[in-house]
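To start, the structure itself, in structure tokens.
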Amino acid sequence: MSDPQKPTLMIIDGHSLAFRAFFALVQTGNFITDDGQHTEAVYGFLSMMLRLLKDEEPTHLGVAFDVSRTSFRTAEYAEYKEGRGETPPEFSGQVGLLQNALTAMNVPWITKDDYEADDILATLAAQGAAQGYRVLVVSGDRDSFQLIDDDVTVLYPSAMGVTALKRYDADAVFEKYKVWPHQYPELAALVGEKADNLPGIDKVGPVTAAKWIAQWGTVEEILAHADEIKGVAGSNLREQSERARRNRRLNALVRDLDLPLAPADLERRGVDATAVREVLGGLQMRTMLDRVLKLDDAEAAVASGAESRIAAPDVLTLAASEVDAWLAAQHTPLGLGVVVDTVDGEFAGIGLSSASASAYIPAENVDGLRSWLADETTSKVFFDAKRQLKASERAGLAIRGAVNDTRVMAGLLNPSRVPASLADQVLSALEESMPVSDPNQLVPEVPPVGAGTEAWFVLRVADAVTTTLATEANAGTRRVHDEIERPLTPVLAQMELTGVAIDAGVLARQREVLEQGADTYRTAAFAAIGHEVNLGSPKQLQTVLFDELGLPPTRKTKTGYSTDADSLADLLEKIEEENEGSIFLQSLLKHRDATKLKQMIETLEKSIAADGRIHTTYDQVGAATGRISSNDPNLQNIPVRSDEGRRIRSAFVSGEGFESLLTADYSQIEMRIMAHLSGDAGLIEAFRAGEDLHRYVGSHVFGVAPEDVTAAMRNKVKAMSYGLAYGLGPFGLAKQLRISQAEAKQLMADYFERFGRVRDYLRDVVQQAKSDGYTETIFGRRRPFPDLNSPNRVLRDNAERAALNSPIQGSAADIMKIAMLGVASDMADAGLGSRMLLQVHDELIFEIAPGEQEKLEEIVTRRMSTAATLDVPLTVQIGRGPDWDAAAH
DNA sequence: TTTACGCAATT
DNA sequence: TCAATTGCGTAAAT
């Protein structure tokens, strides 16, 4: 290993790292200043650089940039690095901003006309190594591997983003490529480099190239022995020898440039605080500004021998008798961080942490913790609380009191990026990396941390997130968290634990029917065209439809022409009389229906647990609007529209010891919210009158008496009403109703003539969102919309439709969540044995215990209809029956 | 084995 | 060219 006494020179390829950072962050849409300046590259680069400074503690630091896309290499080979896409406009300009920031931080940056950043790195690395430095080259270009030797190490970004850098020394390069670093350019010359538009020898991959290099060493030597190489690779090598020679010339880095700065000039200096404030403040990067300004303090701390990074406290393993004393010694405003430890799904113990101490209580000692866990007055902090609540409950340990979940908090603050794991959130909230077990890690680093230390990270993350939540700007979000989301977590956990009973026989019988049907339709489809195809392959279907049958092309997709049900129905309409084409299409459609349903049944069957019930998993922050999502399996998309599909619902039954199922759903809740939010007198009146909404609206739009509204008229306004909240345009409306665009346009005009406030409201929502940057529900749940001011039409239009839908869908979600809290609380207070089982956005499903039907209906109806006070009533429809289908009203 | 896409199910 | 989801199968990339 390297000599710790040596000074460390770190040199970074600015352009390539900034570019990677840009692409890693641009999709989040979170890095745009008020005046529209994108800052992904600046933020991402600085973020990575700060982490490197902390982790590697270089004494010397410099950044190299390309001057332009041309260099001596493009002079030799014009196509060099050609074929790369246009630089995104959002990226241009960020390099200049980054350079300004570096200047303010007193980090030297270097360019050289006619040369690339890599050549600068190569030169500095050579000088540094010669002058006794340990050299770290940070580059996203594999050509830099040729620089590696005992003194030079390359840090290379892994596939995604710049968060994880892989450390390449000579051994690491050999392990991956089976050649030593100085031989890497020989290998790259043979294999080619797609990113540089340098094609290699055809049919020669890294394995073949490495074999040749092991035998002969260099491209020149290999070419000298080209005659000895057999096969297609050999003949390609002989024919394409010039390619290899050219590649080898181009990928050799220049190590003797004349540069304005030498390694010694790159010694680190303190930042220019004023300049840093100006540059980063101007880019609205407050937290980054703080971090950069803290650099100097950290440096001073390091210099004085203190630990720059906070060290996790040691984890004490506690005996049952020691738990109380340990708990009594902890003082934390947020509560303790808790991690329920499981090994292969089995409860193994519990990790606890305050900010200053961590403990682990193994399963056999957990009795000592029982009363604290069940204490209503103590606060607990988790990452993904629901999973752990369930694991604990299954192990016979009840967890009560305030259950805080850092994942849910993060999801509330930024619904578009819910952390996938604790490590993910440690990275985003703390900008530290938490060691996790990762078999793909090239260099095995520190071992993963245990539950005690994880709990410590959870608490620190909670501290950071709570601080954000405590700001004035987040007051609404905080209320949604405290009053809706936090109390909802245990309710959802209980629903998942309970699950829903399934009549497996019903499913099995229907599966067999569908299997037969699918078989029949498949045979019929094959007979119609005279051969077999994979009916599940859109690609193969296209060949049949448009080449063999010569049908007219349908709507375009990214990869060809559409074969979805809509398109196929259109095609079917175009065929005048019954022929092989129409038979094929009809059979295909029916085959699709049957196989889809069959597949759905099979997944449901597989997810029936040992207790004969299906336990879904809800994601409390699964949807950006505030809706809950359901997965493994998804019980929110069980078919209902077709008779065949609905039969699946009849397999969802009440369990042993229960009377029947109860369903309760909100009637037209989104339309009601739209009436409330828009204040449209006509729509409000419609709901207050309690008439058939679509009939009422239809009578006004078409100017006829309500009893004269025909079914066709009713259908039209119904589609119109529903489409409104989604931003449906004349095109979409026409397509859905199969009417002309002109007629659709007229329908919309007539609609808004009568219900103009609705249009005003929708327009205002978008307008408001554009200036605020977010939308808000009735209860203050926010959703950011960074794309609303995008110069990209598609992005902007999509954002506009989502923005106008969000307060409506989101308010409905809030109302349902509030209702669930009320129902759960009243059921507990009344001591009911009945149980809440499922939520499907505007519907709740319960299992009725004997004799409780009336009481349960009262609670559910009251709590649902009073969950919010709107200008229109909230109507709830109740149904009851032995199964989900029968319970529908 | 992983990733992108098309398709389809719900509210 | 209609919002929010989950999830399957195919085909291509690895």
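Values in this document were obtained by computation on a predicted structure and should not be read as measured data. The sequence lines fix the lettering, A, B, ..., with proteins before strands; numbering per chain opens at 1.
Taken together, the paired segments of DNA chain C that extend over three or more consecutive Watson-Crick or G-U pairs, each closer than 3.5 Å at both contacts, are B:1-11 with C:3-13.
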Checklist entry - What's the verdict on salt bridge (charged side-chain N to carboxylate O under 4.0 Å, His left out) for R522(A) and D519(A), showing C-alpha distance, side-chain angles and the deciding distance? => result CA-CA 5 Å; R522(A) 190 176 53 237; D519(A) 253 16; 2.7 Å; yes
Checklist entry - How far apart are the C-alpha atoms of S567(A) and D564(A), what are their side-chain angles, what is the distance that settles it, and do they pass the side-chain hydrogen bond (donor to acceptor under 3.5 Å, both in side chains) test? => result CA-CA 5 Å; S567(A) 306; D564(A) 67 12; 2.8 Å; yes
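Distance NZ (K558(A)) to C1' (dT3(B)): 13 Å, rounded to an integer number of Å. Straight-line distance from the CZ atom of F731(A) to the C1' atom of dT1(C): 5 Å, rounded to whole Å. Look at CD on E800(A): it is 13 Å from P on dT1(C), rounded to the nearest Å. The CG-P distance, from D566(A) to dA9(B), rounds to 11 Å in whole Å. One interatomic measurement links the two molecules: CG of L535(A) to P of dC7(B), which rounds to 14 Å at whole-angstrom precision. Rounding to whole angstrom units, CG of residue D787(A) and P of dA3(C) are separated by 13 Å. Between the CD atom of Q542(A) and the P atom of dC5(B) there is a distance of 15 Å, rounded to whole Å. Here dA8(B) presents its P atom at 13 Å from NE2 of H591(A), a figure rounded to the nearest Å.
Considering only side-chain N and O atoms, T559(A) lies under 4.0 angstrom from the phosphate OP1 or OP2 of dG6(B). Dashed line: the shortest gap from a side-chain N or O of R592(A) to OP1 or OP2 of dA8(B) is under 4.0 Å. In this model, the phosphate group of dC7(B) is approached by a side-chain N or O of S562(A) to a distance below 4.0 Å at OP1 or OP2.
Note: Y184(A) and F145(A) have perpendicular aromatic rings, judged against thresholds of 30 and 60 degrees for the angle between ring planes. By the 30° and 60° cut-offs, the orientation of the rings of Y156(A) relative to Y168(A) is perpendicular.
When atom types are taken as modelled, the side chain of S650(A) and the backbone of R646(A) share no donor-acceptor pair closer than 3.5 angstrom.
Here the closest heavy-atom approach between residue N715(A) and residue L737(A) is recorded as O-CD2, 4.1 Å. Nearest heavy-atom pair across L788(A) and E800(A) is CD1-N, 3.5 Å.
A centroid separation of 6.0 Å or more is found between the aromatic rings of Y726(A) and Y722(A).
A side-chain hydrogen bond (donor to acceptor under 3.5 Å, both in side chains) with D814(A) is found for one member of Q809(A), R627(A), R781(A) and no other, namely R781(A).
The shortest distance between side-chain heavy atoms of Y666(A) and I815(A) falls below 4.5 Å.
Note that the CD atom of E670(A) and the CG atom of D842(A) stand 8.0 Å from one another [nearest 0.5 Å].
Looking at heavy-atom distances under 4.0 Å, R649(A) makes contact with sugar-phosphate atoms alone, never a base. Residue A813(A) is out of contact with every strand shown, counting any heavy-atom pair closer than 4.0 Å. G729(A) comes within 4.0 angstrom of sugar-phosphate atoms only, judged by non-hydrogen atoms across all strands, and of no base.
Listed by residue number, there are no residues of residues 661-673 of chain A with a heavy-atom contact under 4.0 Å to DNA chain C.
In the displayed structure, R592(A) atom CZ is contacted under 6.0 Å by more than 12 heavy atoms of other residues, nucleotides or ligands.
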Next on the checklist: I need a per-nucleotide contact map over nucleotides 4-14 of chain C, read 5' to 3'. Cutoff is protein heavy atoms under 4.0 Å; write B for the base, S for backbone only, - otherwise.
Outcome noted: BSBSSSSSS--
